[in-house]
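Written below as structure tokens is the structure these notes are about.
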Amino acid sequence: SIRASLLEYEAEQFGKWAATVDGTLAEKLTLPLLLRDAKSGELTVNFDLRLVKLLNEVKYFVIQHKDIPEVAQSLYRSAERFRVQTGNLELVRGKYNHMLEHMLDVERPLLKGQMKAIDKVLEKGLKVLTWKDDDAEKNKFIDEAMELVSEAHSTLLEMKANMRGIQAVLKKWSDTPLIVRRAAKTYVPDVFMEEHTQQLEGRYREITDGNKEIHRLLLESNKVLKVSKGAPAWRAYVEFINNILVSGIATTVVASLQSLLRLVDPAELAKSEAPPLLEIKVELAAPDVVFAPALEPGDKVLTEVAGSRKSPTSVMDFVQRWISDFYNVVRLVKRLDRQEGDFLKEMEEDEEVRFFVHRIVGECERNAQACKAMLKTYSVHRPLWTKDINLSLEAYLAEAMKASEEG
């Protein structure tokens with residue numbers, strides 16, 4: 001009958017399966033616990049898929065009450081232990097490989113001692129221990145490897161978190177420019193300077209506090225590493241973080257320069273439909289017509305300004321003052337690589353900083369020339385304010401008055 005044929009076929013297939021169990025176990029249970037990739041150095045848990053398949057098969061045969069071979073029953077009794085061991089080894093593998101993948105070259109020397117200790121322990125799982133070995137030996141190895149890998153991984157994660165913290169502080173600095181136009185209106189220069197000075201004081205405090213946080217985070221990394229501050233590996237790491245700091249300061253200065261450029265570039269103002277930033281008046285200072293405030297240092301100014309004790313401030317003086325305010329950030333941030341000094345030299349040599357300073361100065365000079373060209377249109381009316389009114393009146397009267405025939 002069909003039923004008998006199916007049972008016969010089932011028995012035949014089960015017999016073939018049972019005949020392969022010994023060979024599979026003899027081959028796969030003698031494999032080492034771990035494998036290492038020759039190129040990347042990454043680990044793999046070496047629990048063969050055929051063993052996983054065999055365990056699943058045994059599980060279902062047990063449910064069906066099949067008469068499975070003793071070696072298969074023994075494997076099945078060890079299934080839970082294998083599950084726990086492979087699970088723990090996967091945790092070791094994941095943390096170890098994560099370190100290999102994400103550890104920066106500058107971080108490797110700082111973790112060299114820990115990685116060396118880990119690799120020494122891992123040798124046992126790579127070359128000595130197999131899946132058929134005593135559970136006590138395997139568990140001891142796994143626990144030791146887990147402890148060392150977890151400690152090193154935790155150290156690396158804390159270093160990474162501290163570095164991200166430093167980068168977050170720097171990003172906060174650059175997200176808001178050091179010069180901000182709070183209202184879309186044209187300002188009287190002194191009013192804008194007063195508003196700018198108040199805003200700048202708050203930003204300087206923020207940067208000073210951020211600098212303290214950066215130094216604290218770097219110190220936290222030193223503590224977790226338990227390394228001497230004089231060690232070459234640590235000094236190299238400090239230099240690396242110091243370069244991140246230099247880059248962050250440059251980004252902050254550039255962001256502020258870009259903001260200033262948008263405030264003085266007519267094309268940018270037109271694009272954003274914003275009015276000019278500063279109100280510049282045209283004043284009569286006979287015999288000249290002048291701008292108040294002056295556009296550039298050395299330009300003619302009103303007599304009352306020129307005669308005052310305070311040096312006259314031109315538009316270019318304002319712009320140079322703002323640029324100087326940006327550069328002053330370097331005096332608020334302490335270097336990480338040495339006790340003394342600031343980052344002024346690095347900022348002055350930064351190509352992007354120099355580029356935007358050049359753009360801003362160029363735009364202001366072109367604006368000044370355009371304004372001065374406009375001023376020349378008043379020159380045709382110059383006689384109206386250069387001639388003496390009384391003398392002109394007398395001359396007019398002399399020409400207009402004629403003697404009558406009566407004398």
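Positions are given from 1 along the sequence. Just the heavy atoms: all of them, side chains too, but no hydrogens, waters or symmetry mates, feed the values below.
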- So CG of L126 and CG of L35: to nearest 0.5 Å the spacing works out to 7.5 Å
- Salt bridge present between E213 and R216 (N-O < 4.0 angstrom): yes
- Query: With no hydrogens and no angle check, is any side-chain donor or acceptor of R203 less than 3.5 Å from a backbone partner on T176?
  - Reply: yes
- Query: Are the side chain of S259 and the backbone of I179 linked by a donor-acceptor contact shorter than 3.5 Å?
  - Reply: yes
- Message: For a 4.5 angstrom cut-off between non-hydrogen side-chain atoms, does V329 reach F343?
- Response: no
- Does a sphere of radius 6.0 Å around NZ in K171 hold more than 12 heavy atoms from other residues, nucleotides or ligands, not counting ones at 6.0 Å or beyond? no
- Could you tell me the separation between the OG atom of S221 and the CG atom of N162, rounded to the nearest 0.5 Å? 3.5 Å
- I244 and L170 have their tightest heavy-atom pair at O-CD1, 3.5 Å
- Message: So does D342 get a backbone contact from the side chain of R335, meaning a donor-acceptor N/O pair under 3.5 Å?
- Response: yes
- Task: Provide the closest heavy-atom pair for M99 versus M115 in the form atom of the first, atom of the second, distance.
- Result: CE-SD, 4.0 Å
- Item | Candidate pair R108 and D105, rule salt bridge (charged side-chain N to carboxylate O under 4.0 Å, His left out), full reasoning | CA-CA 5 Å; R108 293 183 190 281; D105 290 340; 3.6 Å; yes
- How long is the gap from CD on E123 to CG on L129, to the nearest 0.5 Å? 11.5 Å
- Query: For F47, which residues count as a ring pair (Phe, Tyr, Trp, His ring centres under 6.0 Å) partner, sequence neighbours excluded?
  - Reply: F82, W131
- Item | Verdict with supporting geometry, E137 and K140, salt bridge (charged side-chain N to carboxylate O under 4.0 Å, His left out) | CA-CA 5 Å; E137 275 193 75; K140 181 182 178 182; over 6 Å; no
- Would you give the length of the straight line joining atom CD1 of I360 to atom CZ of F355, rounded to the nearest 0.5 angstrom? 10.0 Å
- Would W322 and L263 satisfy side chain to side chain contact (heavy atoms under 4.5 Å, CB included), going step by step from the backbone distance to the final call? CA-CA 12 Å; W322 296 330; L263 295 176; over 6 Å; no
Sequence neighbours left out, cut at 3.5 Å: what donor-acceptor pairs do the side chains of residues 193-200 make with other protein atoms?
from : atom 1 : to   : atom 2 : distance (Å)
E195 : OE2    : Y187 : OH     : 3.1
H196 : NE2    : D325 : OD2    : 2.8
T197 : OG1    : M193 : O      : 2.7

- Message: For a quick test of reading the model, state the closest non-hydrogen atom pair linking E352 to D350 and the distance between them.
- Response: N-OD1, 3.0 Å
- Work out which heavy atom in V264 is nearest to a heavy atom in N367; give both atom names and the distance. O-ND2, 2.9 Å
- Message: If you apply the rule salt bridge (charged side-chain N to carboxylate O under 4.0 Å, His left out), what do you find for K271 with D265, and how did you get there?
- Response: CA-CA 10 Å; K271 190 186 299 182; D265 184 351; over 6 Å; no
- Between I166 and L217, the two heavy atoms sitting closest are N-CD1, 3.6 Å
- Tell me, with the steps shown, if Y237 and L336 meet side chain to side chain contact (heavy atoms under 4.5 Å, CB included). CA-CA 10 Å; Y237 184 74; L336 299 173; over 6 Å; no
- Just how far is it from atom CG of L269 to atom CG of L277, taken to the nearest 0.5 Å? 8.0 Å
- Message: Ignoring hydrogens, what is the shortest heavy-atom contact between V121 and F141? Give both atom names and the distance.
- Response: O-CE1, 3.2 Å
- Message: Within the structure provided, determine whether T86 and L33 are in side-chain contact (heavy-atom separation under 4.5 Å).
- Response: no
- Task: Tell me yes or no: between the side chains of D317 and S314, is some donor less than 3.5 Å from an acceptor?
- Result: yes
- Pair D119 + K116: basic N to acidic O under 4.0 Å: no
- Side-chain donor-acceptor contact under 3.5 Å, K95 with S150: yes
- Message: Looking at D175 and K172, is any side-chain nitrogen of the basic one under 4.0 Å from a carboxylate oxygen of the acidic one?
- Response: no
- Query: Between T155 and E151, is there a donor-acceptor pair closer than 3.5 Å when you use the side chain of the first and the backbone of the second?
  - Reply: yes
